[in-house]
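Hydrogens, waters and symmetry mates are skipped; everything else that's a heavy atom, side chains included, is used. Convention: sequence-line order gives letters A, B, ...; per-chain numbering from 1.
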Amino acid sequence: MLELKFVRENADVVRKAAADRGLEVPLDDLLELDRRRRALLADVEEKRSRHKKGNREIGELMRGGGDAAALREEMGGLSEEIKSLEAEVDDLDARMRDILVWIPNIPHESVPVGLDETFNREERRWGEPPAFPFQPLPHWELGEQLDILDFQRGVKIAESRFTLLKGTGALLERALVNFMLDLHTREHGYTEVFPPILANEESMFSTGQLPKLKDDMYVCRDDVLYLIPTAEVPVTNIHRGETLREDELPRYYCAYTPCFRREAGTYGKDTKGLIRQHQFNKVEMVKFVHPESSFEELEKLTGNAEEVLRRLGLPYRVVVLSTGDLSFAAAKCYDLEVWLPSYDDYKEISSCSNFTDFQARRADIRFKPAGKGKSRYVHTLNGSGVAIGRTVAAILENYQQDDGSVVVPEVLRPYMHDMEIISI
RNA sequence: GGAGGGGUGGCAGAGCGGACUAAUGCGGUGGUCUUGAAAACCAUUGGCCGGCAACGGCUCGCGGGUUCGAAUCCCGCCCCCUCCGCCA
């Protein structure tokens, strides 16, 4: 959420930012409501001031044994007026908020302007896509041959886009989780947390999933709780409503959690394999940082995610998202795309974003500058470090051999009982 | 899930219809004193909204209500503690 004062004073900036994203926001309506609200507020506050003074006088009169009947009558009338004015202000507040919560964050100046992903800009590549001297198989075929991925039974247990991992498949999944968490906690300075997997509406609103992405989330029937679509939600909400000390910044957290997405509107996309699932595992990194350093922190965060892929020996590229592809709450976002032979292309495996103060304002997360000064909003960032399911797919495909077996990347072997090869 | 107790400023804690314009203590900040520090003493002390400002308003878990007036009374909700039940 943007600050109302900022929107009021920079209407053209806000309008352009929304237009660059292909969104239209009823800014003129908002500004008109704002004008009416402020006029009304001046009136109601003046009346409240008189009301308070009058009531104080009644108290004094009564203590002195005087007659307060007339004043009491007058204050009664004033009270009614105030109530009706307050109702109007509340109504304006609600209508303004309904507009304000749909206004997206302002993209950073370094973000390429364009309405869709064709304007995304490739920043760098790492590694060489493997050249197979045989016909490589997609991971869903490899996984079934090796009896480590069972797509049919996943569907039987839940529905389509749920998968059962078996034996070495389940071990590989778990090994990746542990490898990534160890890397981020031991070498990148993150504190590991294991948060709730259900979150309430307030938490979902704070990070920007609500109201926009309501249809993409699983909801509990009898409780107002949502299954988290990403650990970003519970981990960012760790500090909701808190004011941190300046010397507590930056704070780095990482978490492994399952994630749940209904993926409304993606029918027919990535229908095979592990790429698009309703439930998937992810190691997520979340940062709370000083506003002055958030874009540097984004570079570091992205580097932390890249390190995962480098150690696993998976070829990837880094893409900066254009304004049109950027998510609602983000000011800048890098996607890491891993090489997938079955797609003959790079496929998103991590998304690293700086939300500047957009989430912090919604979540009311501030810091108190050392010494003097008013508290300010922190900047929040997060990035996948990285998506586990897609990593499994990438490893199976990039490390496959002509006999259908798969070489285990060296860094994972300590996590997999020193296994070097996955074979039948 | 049931019964009881409780949620007050950074913390502790009083208040239980009208000087609460929230006592007091601790902590924080500034100062006096001191070679320096401690102690003592004096002053100050959050957040949000409107306003160029002066200033005004809101804020005692949250939301309603009663009243001229609510931290205080009533209703609903949330959270915490104790005991019981259930349970990995």
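Distance check on atom C1': B:rG13 versus B:rC52 gives 42 Å, rounded to whole Å. Using atom P as the reference point in both B:rC79 and B:rG31, the two lie 47 Å apart (nearest Å). Comparing the P positions of B:rG4 and B:rC75 gives a spacing of 13 Å, expressed to the nearest Å. Across B:rU82 and B:rG46, the matching P atoms stand 35 Å from one another, rounded to whole Å. Comparing the P positions of B:rC77 and B:rA14 gives an interatomic distance of 28 Å, to the nearest angstrom.
In this structure, the nucleotide among B:rG18, B:rG50, B:rU66 sitting nearest to the side chain of A:Ile58 is B:rG18. Side-chain atoms of A:Leu41 lie closest to B:rG50 of the nucleotides B:rG47, B:rG50, B:rC68.
Judged by the 6.0 Å and 45° rule, A:Arg362 forms a cation-pi pair with A:Phe205.
Per the geometry, CG belonging to A:Asn55 stands 16 Å off P belonging to B:rC20, to the nearest Å. Atom C1' of nucleotide B:rU66 and atom CD of A:Glu80 are separated by 12 Å, given to the nearest angstrom. Atom CD1 of A:Ile82 and atom C1' of B:rG69 are 12 Å apart (whole Å). The interatomic distance linking A:Arg37 (CZ) with B:rG50 (P) rounds to 6 Å, in whole Å.
At distances below 3.5 Å, at least one donor-acceptor pair connects side-chain atoms of A:Arg21 with backbone N or O atoms of A:Ser327. Side chain of A:Arg37 to main chain of A:Asp93: no donor-acceptor pair is present (N/O by atom type, distance under 3.5 Å, no hydrogens or angles).
The side chain to side chain contact (heavy atoms under 4.5 Å, CB included) search around A:Arg311 returns A:Phe179, A:Leu183, A:Glu187, A:Glu307, A:Val411, not counting sequence neighbours. For A:Thr243, the side-chain hydrogen bond (donor to acceptor under 3.5 Å, both in side chains) test picks out no residue, with sequence neighbours left out. Partners of A:Gln279 according to the side-chain hydrogen bond (donor to acceptor under 3.5 Å, both in side chains) rule, which considers only residues two or more places apart in sequence or in another chain, do not exist here.
Nearest-nucleotide assignment on RNA chain B puts the 5′-proximal partner with A:Ala42, out of A:Lys83 and A:Ala42. In terms of position along RNA chain B, the nucleotide closest to A:Met62 lies nearer the 5' end than the nucleotide closest to the other residue of the pair A:Glu3 and A:Met62.
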Do any N or O atoms of the protein come closer than 3.5 Å to N or O atoms of nucleotides 55-58 of chain B, and which pairs are they?
from	atom 1	to	atom 2	distance (Å)
B:rG56	O3'	A:Ser49	OG	3.4
B:rG56	N2	A:Glu45	OE1	2.8
B:rG56	N2	A:Glu45	OE2	3.2
B:rG56	N3	A:Glu45	OE1	3.4
B:rG57	O3'	A:Arg48	NE	3.4
B:rG57	O2'	A:Arg48	NE	3.0
B:rG57	O2'	A:Arg48	NH2	2.8
B:rC58	OP2	A:Lys52	NZ	3.0

Would you write the dot-bracket representation of RNA chain B, where each base gets (, ), [, ], | or . depending on whether it forms a Watson-Crick or G-U pair under 3.5 Å and with which partner? ((((((((.[[[..)..(.....]]]((((((.......))))))(((((....))))).[[[[[..)....]]]]])))))))....
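Taken residue by residue, residues 71-79 of chain A places heavy atoms nearer than 4.0 Å to RNA chain B at A:Arg72, A:Met75, A:Gly76, A:Ser79.
None of A:His379, A:Glu246, A:Glu296 except one satisfies the side-chain hydrogen bond (donor to acceptor under 3.5 Å, both in side chains) rule with A:His290; the exception is A:Glu246.
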